[in-house]
Amino acid sequence: MQEALLVLCAFIAMEPVTYLAHRHIFHGFGFPIHKSHHGERRGVFEKNDFYPGVSALVTMAIIALGVFVAPLKFLIPVGFGMTVYGVLY
């Protein structure tokens, strides 16, 4: 039950986290990368695809910490909640 609550809390927390990242990073200092998202697409990928890749790496690192560092086991469901948010986004 505790793990399910952590998954849910992480999932819910991702909405304000992504809002703040979009506002202050994507449209701030990271706009040179993000602006490809606002223009006409050329090819399969765009520079903005960098951001979901970074998010996936951060999520994998959080899950790995939970798997390999026993006191941080609670990070496994947190990472799962983040993953569910990313998949549904």
Side-chain angles (χ1 to χ4, degrees):
M1 182 65 167
Q2 189 175 7
E3 287 84 7
L5 186 60
L6 283 171
V7 170
L8 181 62
C9 287
F11 176 82
I12 292 169
M14 286 303 294
E15 187 62 26
V17 167
T18 56
Y19 169 80
L20 291 170
H22 188 259
R23 180 175 180 140
H24 297 289
I25 297 172
F26 296 10
H27 284 268
F29 66 87
F31 192 70
I33 295 170
H34 181 64
K35 70 181 174 183
S36 68
H37 174 69
H38 292 281
E40 188 174 322
R41 183 178 281 264
R42 296 182 200 156
V44 178
F45 296 105
E46 55 189 37
K47 288 181 183 178
N48 188 65
D49 293 333
F50 170 77
Y51 289 120
V54 169
S55 179
L57 289 173
V58 169
T59 302
M60 287 187 281
I62 287 171
I63 293 170
L65 279 171
V67 169
F68 296 113
V69 181
L72 300 179
K73 187 177 180 181
F74 70 93
L75 290 177
I76 297 170
V78 169
F80 184 70
M82 293 169 68
T83 300
V84 171
Y85 181 88
V87 167
L88 293 177
Y89 184 78

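Everything numeric here is computed off the predicted structure, so don't read it as measured data.
- Summarising the local packing, CZ of F50 is surrounded by 12 or fewer heavy atoms from other residues, nucleotides or ligands at distances under 6.0 Å.
- Contact record, A10 with G81: CB-CA, 4.1 Å, taken as the closest heavy-atom pair.
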TODO: Test L5 against Q2 for side-chain contact (heavy atoms from CB on, under 4.5 Å), laying out the working first.
DONE: CA-CA 5 Å; L5 186 60; Q2 189 175 7; 5.7 Å; no

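- Heavy atoms only, all atoms of each residue included: L6 and F74 are closest at CD1-O, 3.8 Å.
- Both I12 and I62 are members of a single hydrophobic cluster when ILVMFWY side chains are connected at heavy-atom separations under 4.5 Å.
- By the rule that hydrophobic residues join a cluster once side-chain heavy atoms approach within less than 4.5 Å of another member, L8 and L88 end up as members of one cluster.
- Linking Ile, Leu, Val, Met, Phe, Trp and Tyr whenever their side-chain heavy atoms come within less than 4.5 Å puts F29 and F26 in one cluster.
- Nearest heavy atom pair, residue Y85 against residue M14, reads CG-CB, 3.5 Å.
- The cluster map of Ile, Leu, Val, Met, Phe, Trp and Tyr, joined by side-chain heavy atoms under 4.5 Å apart, puts I25 and V54 in the same cluster.
- Here the side chain of Y51 pairs a donor or acceptor atom with the backbone of G30 at under 3.5 angstrom.
- Residues I33 and K47 share a closest heavy-atom pair of CG2-O, 3.2 Å.
- Here NE2 of H24 is found 6.5 Å from OH of Y19. Values are rounded to the nearest 0.5 Å.
- Grouping the Ile, Leu, Val, Met, Phe, Trp and Tyr side chains by contacts below 4.5 angstrom, directly or via other members, places V58 with V78.
- Under the 3.5 Å distance criterion, with hydrogens and angles disregarded, no donor-acceptor pair is assigned to the side chains of Y89 and T18.
- Screening K35, R41, H34, E40 for a side-chain contact (heavy atoms from CB on, under 4.5 Å) involving E46 leaves a single residue, R41.
- For the side chain to side chain contact (heavy atoms under 4.5 Å, CB included) test, residues two or more places apart in sequence or in another chain that qualify with L65 are V69, L72, L75.
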